[in-house]
> 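My questions will all concern the structure given below.
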Protein chains: 2
Amino acid sequence: MADRDLTLRVDLASDLPVYRQIVSALRALLVAGDLRAGSLLPSVRELALDLGVHHNTVAEAYRILAEEGWLDLRRRRGALVLDRHQPRPEPEAREGFRRRLGELVAEARSRGLQNRTLVAELRKLAEGLNGGGT
Amino acid sequence: MADRDLTLRVDLASDLPVYRQIVSALRALLVAGDLRAGSLLPSVRELALDLGVHHNTVAEAYRILAEEGWLDLRRRRGALVLDRHQPRPEPEAREGFRRRLGELVAEARSRGLQNRTLVAELRKLAEGLNGGGT
DNA sequence: GCAACTGTACACTGTACATGTACAATATAC
DNA sequence: GTATATTGTACATGTACAGTGTACAGTTGC
């Protein structure tokens, strides 16, 4: 049994694989602190049933997060959230982020979103991060 | 022959398919206005040789951008950049952008990038967009 | 020890990516 | 006008990956 109910959604029609969507969504919660160290995630079967996918798909997502140091997986107990030390960033990490950010914005503009909308979202997120420390 | 030399790079080791990397990179140039209407992109074989991939891979990328309305493809003439009308954004576009933006930041933080670094990048991009009109 | 529940391993199927190859269309040279 | 070169396109193929079905292994609680 998990400590809390997660509100995750996956898009089966998306071009991104489901297990990667799960990883992204969970990591966002972990980074934001919505999932604190000591919490237990739902079991692979529980979450799989909730999302409508196979439990091995969820297990793959858990395994990736465990490799990244976010989770500790053990049979019968479940997925425990760890307090993860911040790794040293790679040299190219920043420019890689900048490039992907630019591409994300380009795609959004290509979908018709206005510049001022994007600017508002970017600034709002920046504000939120700024108050979050580190 | 193309009007200009493109500076694109693809990462064959990436988990993202090459044709999608090409789409993202070209779309970023198109949205930014670095590729103006009336320009001719390099031929599929030219660009493929430059990137070290098969010309059909580049063709697939061109085809996607053509479907989005960015390019007009014709045999023997090449890929012509169109002046694309801004489509009406879908209702979920904004929250979809917000979610993906959040996940991108989460992944960056997970890689060790500091909050202030991310804030700086977000604000810099917002500044750039703000001056760009629309 | 038994039972129930956990994550894990592995074979299997469908699908997507990238390619090799051949073809169709068209601008250019003559 | 015709030949030719160069363009984008169509399609079959090899390969790898995503997702699933099924069975197994480990751990907790009785």
Side-chain angles (χ1 to χ4, degrees), chain A residues 1-6 8-26 38-82, chain B residues 1-6 8-26 38-82:
Chain A
M1 177 83 82
D3 290 358
R4 49 147 62 222
D5 284 339
L6 294 180
L8 298 183
R9 278 174 35 200
V10 293
D11 179 12
L12 297 178
S14 166
D15 46 350
L16 281 97
V18 175
Y19 80 94
R20 197 173 298 271
Q21 295 181 49
I22 299 173
V23 168
S24 289
L26 284 179
S39 306
L40 280 178
L41 295 185
S43 76
V44 290
R45 284 172 176 81
E46 241 181 308
L47 184 53
L49 200 63
D50 190 32
L51 297 178
V53 297
H54 200 271
H55 62 260
N56 274 346
T57 301
V58 176
E60 175 67 15
Y62 279 14
R63 206 168 299 136
I64 290 175
L65 290 171
E67 282 180 10
E68 292 183 4
W70 288 107
L71 302 180
D72 180 50
L73 300 178
R74 289 201 204 146
R75 297 166 198 264
R76 173 65 191 175
R77 193 206 49 193
L80 179 69
V81 176
L82 302 176
Chain B
M1 176 82 84
D3 290 358
R4 50 147 62 219
D5 285 339
L6 294 179
L8 297 184
R9 277 174 35 201
V10 293
D11 178 13
L12 297 179
S14 166
D15 47 351
L16 281 99
V18 175
Y19 80 94
R20 197 172 298 271
Q21 294 181 50
I22 299 173
V23 168
S24 289
L26 284 179
S39 306
L40 280 177
L41 295 185
S43 75
V44 291
R45 286 171 176 79
E46 241 182 307
L47 184 53
L49 200 64
D50 190 32
L51 297 178
V53 297
H54 199 270
H55 62 259
N56 274 347
T57 301
V58 176
E60 175 67 16
Y62 277 14
R63 206 167 301 136
I64 290 175
L65 290 171
E67 281 180 10
E68 292 183 3
W70 288 108
L71 303 180
D72 181 49
L73 300 178
R74 289 202 204 145
R75 297 167 200 263
R76 174 62 193 178
R77 193 207 49 194
L80 179 68
V81 177
L82 302 176

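Below, chains carry the letters A, B, ... as their sequence lines are ordered, and counting in each starts from 1. Treat the numbers as computed from the prediction; the structure is a model and nothing was measured. Below, all heavy atoms of this structure are taken into account, side chains as well, without hydrogens, waters or symmetry copies.
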> Would you give a per-nucleotide map of nucleotides 18-23 of chain D, 5' to 3', where B means the base has a protein non-hydrogen atom under 4.0 Å away, S means only the sugar-phosphate does, and - means neither?
SSBBBB

> Please examine the side chains of B:Leu26 and B:Trp70, heavy atoms only from C-beta on, and report whether any two atoms are closer than 4.5 Å.
no

> Quick check: closest heavy atoms across B:Leu71 and B:Tyr62, and the distance to 0.1 Å?
CD1-O, 4.0 Å

> Could you check how far CG of A:Leu71 sits from C1' of C:dT8, rounded to whole Å?
16 Å

> How long is the line joining CG of B:Leu49 and P of C:dT19, in whole Å?
12 Å

> How far does CG of B:Leu80 sit from CZ of B:Arg74, to the nearest 0.5 angstrom?
8.0 Å

> Just distance, no hydrogens or angles: give the donor-acceptor pairs under 3.5 Å from side chains in residues 9-17 of chain A, sequence neighbours left out.
from: A:Asp11; atom 1: OD1; to: A:Ala13; atom 2: N; distance (Å): 3.0
from: A:Ser14; atom 1: OG; to: A:Leu16; atom 2: N; distance (Å): 2.9
from: A:Asp15; atom 1: OD2; to: B:Arg20; atom 2: NH1; distance (Å): 2.7

> Over how many whole Å does the gap from A:Leu73 atom CG to D:dT27 atom C1' extend?
14 Å

> Looking only at heavy atoms, what is the nearest atom pair of B:Ala79 and B:Leu73, with distance?
CB-CD2, 3.4 Å

> Using whole Å, what does the distance between atom P of nucleotide C:dA16 and atom CG of A:Leu12 come to?
14 Å

> Output the rounded distance in Å from CD (B:Glu67) to P (D:dG8).
16 Å

> Given A:Glu60 and A:Ile64, is the side-chain contact (heavy atoms from CB on, under 4.5 Å) satisfied, shown in steps?
CA-CA 6 Å; A:Glu60 175 67 15; A:Ile64 290 175; 4.1 Å; yes

> Of the options B:Val53, B:Val18, B:Leu41, which is the one that meets B:Val58 in a side chain to side chain contact (heavy atoms under 4.5 Å, CB included)?
B:Val53

> Might you list the N or O atoms of the protein lying below 3.5 Å from N or O atoms in nucleotides 25-30 of chain C, with each pair's distance?
from: C:dA25; atom 1: O4'; to: B:Arg75; atom 2: NE; distance (Å): 3.3

> How many angstroms lie between CG in A:Leu65 and CD1 in A:Ile22, if you round to the nearest 0.5 Å?
9.5 Å

> How long is the line joining CD of A:Glu46 and C1' of C:dT6, in whole Å?
11 Å

> For the pair made of CG in A:Asp15 and P in C:dT15, what is the distance, rounded to whole Å?
16 Å

> Rounded to the nearest Å, what distance is computed from the CD1 atom of residue B:Ile64 to the C1' atom of nucleotide D:dG8?
15 Å

> Looking at A:Asp72 and A:Arg77, what are the two nearest heavy atoms and their distance?
O-NH2, 3.0 Å

